[in-house]
Structures are given as structure tokens and as C-alpha cells.
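Beneath this line is the structure, given in C-alpha cells, with notes to follow.
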Amino acid sequence: MRRLLYLLPLLAFLAIAAWFAAGLSRDPSRIPSALIDRPMPAFALPAVADSGVPGMATADLRGHVTLVNVFASWCVPCRSEHPILLRLAHEPNVVLYGIDYKDPPADGAKFLHEFGNPYAAIGADTDGRAGIDLGVYGVPETFVVDRDGRIRHKQVGPITPQTLQETILPLIAQLSK
Amino acid sequence: MIRRPYRLRLAVIAVTTLLSLPALAVLPSEMLSDPALEARARVLSKEVRCQVCQNQNIDDSAAPLAADLRRLIRERITAGDTDAEILDFLVKRYGIYILMRPPVEPSTWPLWFGPAALLAIASLALIVAARRRAPVNPAADLTPEDETTLRDILERRS
């Protein structure tokens, strides 16, 4: 019986070590969003000059599943996810909105002309305040918004083909039912 | 001792290093004109974590987001919000991780109380183990043979 008692500290140490190991394996740059299942914060942003699409307002986000993609012309990973966004633009169940985050006026349009425009509407968030309302801390970030205007998922970082297949498309399908 | 030719150079390096310590992330253009409000903004900024450079507060961080949040805090202070209201504003958008000191709630109890609890448990275990150990026998009287042997050894040594 004594022997078992001596094992207790070792077991406790192993339990704590396992718990810490699980925590350390997580990516600290992926901060969970505080806005999941909350309504999209209310804002109205002007259009990006020369982009060919109108500005966006939160009120527009009802009635269909929306992907709100926060991008910027100065953002390098945004370029790697852009082809995926262009593909998503052809998906029947989802509408793509963009937020041009902290971009000088002409740069957003130049980016779109060079890489393509998948967005039905783009809001120019020049001072980043709409981004703060959304809890944006880096670009790119993408929010999946349901038909009632509630945020259901936040993707931090570019959408990879894997996250597209495993997370985004199934979620869109589920929200479209 | 430091040799004479190097003392001057060392002094120059020391002085320039010390002079550069007050380098701030807060730009003069961001500062509020009212020094009391600006002081309040500085103190409050030290409670807010920079989400980009996560071990720094926004008062120290040079990240653009930190600058935006510093400006936001100053605007809300000027608009009359209390410190609690401003922090709550940020927590609603970024979650509790934006606070340098997370609130004390069940999910953060291990963080706040864990080390102290572990120390208490370990101390308790040590005390119990020390008490349980067989008490040391006070020196029993030596047998006559041992007395003789001891005296022989001591007399041989001296």
C-alpha cells in the first residue's frame, strides 16, 4: 500500500506534463474569435475606388451564406489564397464580400486588377476600425457568416486547399440547408 | 580592474545605452494633450496585450495593430469611458486573451493558483515525510568495550 502512495507524485507529474504537452502543441498565433455565434458587428464601409463593385454594409449580409474575407494589397499570404477565393466566387451557395484592410486608396484596386476580383462587394477599411470591431489582428482572415448575419467560423491566415475541403465547404453546405 | 584606455570607451557605451532606454513605441503625435488623461492611457495600455507580438503590451509594441489600439484607447478616454468600459470594449472583440492579466475565473484558476497550490502540496508532503521518518535515537550509552576502544583511539590520536 505504501508503494502505491509513493507513486502518487510521479503520476501527478505525468498528468501535469501531459496537460502541458497538449497545450504546447497548439499554435499561439491562432487566437480563438470572441465573436463566434454572435451577430456581425454593424458597420458600413465605402467602396474601394475603381474596383468595379460597391461598398459593403453589415445589413447586406442577410439572406445568404457569406464569406467575409479581410485582405490587403500589402499582404503576401493573401496572394496564395486568392485563387481559392476566385474558385469560391463560382460556388452557388455562398457570396464573397471583401474588406480591404488598411490599404491606401489606389492600392486595393491595383491588387484586384492584378490578381482578379472574386468579391460581390468590398468595403474599404482604411483606418482599420472595422477590423478592430471584428477582432482582426492580422491578414488574411475570413469569417463565415450565416443567413441570419451571425458569425459561425473565423479562419485565421490564408484559406488552404485543406481547410477549404475540410472546414469551409462543409460549413457552407451545412449553413445552406 | 578595467584598463585605462578602455575606461573611456566603456563609459561612452554605457552612457549612450542608458540614454536610449526611454525609446518609446508611443509616438509624440499619438499623445493626448491633457497629461492626466495621457498618463491614464499609458497605464491602461500596459494592461492590453498586443495580439501580434503576444508577450508585449500595446504600450511597448511597435506593431501597427498596437498603434491602432493605442489610438482607440485615447479616443475612448477622451470620450469619457471608464477604464473598465474600455477594457470590456476590447474583450468583447478580441476575447480575454487581449488582457495581459486574465480575469480570475474557473478556466484560469490553474494559471493563477496552480504554482502556489503545487508549492503547498509539495511542502505538505515534505512535512509529512519528515514527521514519519523514524526518530533519531539519542546517543545511547556506550558498552564498556566500546568505551575502552574509544579511549584507546582518542589517546592514540593525541
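If you're wondering where the values come from, they're calculated on a predicted model, not measured in any experiment. First the proteins, then the strands, lettered A, B, ... as listed; each starts at 1.
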Looking at B/L65 and A/V136, what are the two nearest heavy atoms and their distance?
->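 Of all heavy-atom pairs spanning B/L65 and A/V136, the closest is CD1-O, 4.0 Å.
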How long is the span from the CZ atom in B/R93 to the CG atom in A/L35, to the nearest 0.5 Å?
->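 Here the interatomic distance stands at 8.0 Å.
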Can you measure from CZ (B/R49) to OH (A/Y137) and round to the nearest 0.5 angstrom?
->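 Atom-to-atom, B/R49:CZ and A/Y137:OH are 12.0 Å apart.
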Kindly check if the number of other-residue, nucleotide or ligand heavy atoms within 6.0 Å of [atom1] ([X]) is above 12?
X: B/D152; atom1: CG; answer: yes
X: A/Q162; atom1: CD; answer: no
X: B/W109; atom1: CH2; answer: no
X: A/K110; atom1: NZ; answer: no

Same cluster or not: [X] versus [Y], using hydrophobic residues (I, L, V, M, F, W, Y) connected whenever any side-chain heavy atoms lie under 4.5 Å apart?
X: A/L96; Y: A/V68; result: no
X: A/F143; Y: A/M56; result: yes
X: B/V52; Y: A/W74; result: yes
X: A/F43; Y: A/L67; result: no

Region of [X] in contact with chain A, defined by heavy-atom distances below 4.5 Å:
X: B/Q51; value: both
X: B/I96; value: neither
X: B/Y97; value: side chain

Heavy-atom contact with chain B under 4.5 Å, split by part of A/I31 =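 It is the side chain, since no backbone atom gets that close.
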Where does A/F13 contact chain B at under 4.5 Å (heavy atoms): side chain, backbone, both or neither?
->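 Neither part.
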Starting from the C-alpha separation in whole Å, work towards a yes-or-no answer on side-chain contact (heavy atoms from CB on, under 4.5 Å) for B/D68 and A/R129.
-> CA-CA 8 Å; B/D68 290 347; A/R129 281 308 162 88; 5.7 Å; no
Please walk me through it: do B/R71 and A/D127 pass salt bridge (Lys or Arg N to Asp or Glu O under 4.0 Å)?
-> CA-CA 11 Å; B/R71 216 168 292 127; A/D127 58 5; over 6 Å; no
Best-contacting candidate, A/A34, A/S33, A/P32, against chain B by heavy atom pairs under 4.5 angstrom |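 If we count pairs closer than 4.5 Å to chain B, A/A34 comes out on top.
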